[in-house]
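Data first, discussion second: the structure below is written as structure tokens.
A note on names: the letters A, B, ... follow the listed sequences, proteins ahead of strands, and every chain is numbered from 1.
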Number of protein chains: 2
Amino acid sequence: MQIDKSLMAGSTTLLILSLLREGEKYGYEMIAELARRSDDTFQLKEGTLYPILHGLEKEGAVKSCRREAENGRERKYYRITAAGLSLLEEKTQQWALFTEKVNAVIGAAVPAGV
Amino acid sequence: MQIDKSLMAGSTTLLILSLLREGEKYGYEMIAELARRSDDTFQLKEGTLYPILHGLEKEGAVKSCRREAENGRERKYYRITAAGLSLLEEKTQQWALFTEKVNAVIGAAVPAGV
DNA sequence: ATTCCATGCATAGACCATCTATGTATCAGG
DNA sequence: CCTGATACATAGATGGTCTATGCATGGAAT
């Protein structure tokens, strides 16, 4: 099943920050990693990811540095900052609250044992 | 805590159809009901709800009829159709899949026992 | 050698769902 | 009378994602 695009909105930043929490990563890698962990449910496009990363850097949530990788290619590695960590925490709490409330509404419409 | 607006995108239709599954309702009532069940987390605006209802009616997921209520006011009651029920089922499954995958990604970043 | 594909970053414009801001109309209460 | 709650409606702004495209490099195949 394919996920409706609009559902993705709002959670992309949460997903990206979650990945960066484990260590620095570069753009292309994050796209592949998101696809892998979600069993190809999340297939983030480059045109989506890069603007988000630039925005996060602009607000100080991540920092980047260009570096040559082992394969000789130049990559731009992103690292999460202290501000990024607290942003991640906020987003995580919002996500938990949001899913809880949605489930409260739709769950009420589909009572388990009634 | 206030939920980021963009998180709402995509799930509004699911919420509305869920409400209508229990029986016919009118617009103003749905807004109040959503707020109540979500402890005021979801405060849908009229400018958001009515266009959605019109769209759902256009695609045959709901049907409406104007009727005078006990209080003498004229209301527009919406009823979910068979097509609406299958749309609801699809949206519900998408929601379940989506939350599962998001949790897989962000959960992987915060392993419980490691 | 040349072509093609994967890697890797980047941006402009389109798209779509929601919000803001209004507008209309009725009814109850001060 | 005038305000506020009820009730529906629409236009325009906003914001996040997608599509499409561009550039550049390296490896593999013909």
Checklist outcome for this item: One would report the end-axis bend of the helix from dA1(C)-dT30(D) to dG30(C)-dC1(D), five pairs per end and rounded to 10 degrees, as 0°
Checklist entry - Which is true for Y77(A) with a 4.0 Å heavy-atom rule: it touches a base, it touches only sugar-phosphate, or it touches nothing? => result nothing
Can you tell me the distance, in whole Å, between the [atom1] atom of [X] and the [atom2] atom of [N]?
X	N	atom1	atom2	result
E29(B)	dA5(D)	CD	C1'	16 Å
E68(B)	dT6(D)	CD	P	18 Å
F42(B)	dC19(C)	CZ	P	11 Å
L34(B)	dC19(C)	CG	P	11 Å
I31(B)	dA9(D)	CD1	C1'	12 Å
M30(B)	dC8(D)	CE	C1'	12 Å
I16(B)	dA17(C)	CD1	P	12 Å
K76(B)	dA9(D)	NZ	C1'	9 Å

Item to check | Check against side chain to side chain donor-acceptor pair (under 3.5 Å), D4(B) and S6(B) | outcome: CA-CA 6 Å; D4(B) 194 280; S6(B) 54; 2.5 Å; yes
Next on the checklist: Once rounded to the nearest 0.5 Å, what's the spacing between atom CD of E22(A) and atom CD1 of I80(A)?
Outcome noted: 10.5 Å
Item to check | Separation between CD1 of I52(B) and OG1 of T13(B), rounded to the nearest 0.5 Å | outcome: 5.0 Å
Item to check | Heavy-atom check, side chain of L53(A) versus side chain of M30(A), under 4.5 Å | outcome: yes
Item to check | Side chains of K101(A) and F42(B) in contact at under 4.5 Å (non-hydrogen atoms) | outcome: yes
N or O in side chain of [X] less than 4.0 angstrom from [N] OP1/OP2:
X	N	value
H54(A)	dT11(C)	yes
Y50(A)	dA10(C)	no
Y26(B)	dA7(D)	yes

Item to check | Protein-to-nucleotide contact annotation, 5' to 3' order, nucleotides 16-28 of chain D [B base; S sugar-phosphate only; - none; under 4.0 Å, heavy atom] | outcome: SSBBB----BB--
Checklist entry - Between K63(B) and E24(B), is there a salt bridge with N-O shorter than 4.0 Å? => result no
Next on the checklist: Is it true that Y77(A) and R79(A) share a donor-acceptor pair across their side chains at a distance under 3.5 Å?
Outcome noted: no
Item to check | Step-by-step side chain to side chain contact (heavy atoms under 4.5 Å, CB included) determination, E46(B) to Y28(B) | outcome: CA-CA 8 Å; E46(B) 299 169 77; Y28(B) 217 73; 4.0 Å; yes
Checklist entry - Near E89(B) CD, under 6.0 Å, is it more than 12 heavy atoms from other residues, nucleotides or ligands? => result no
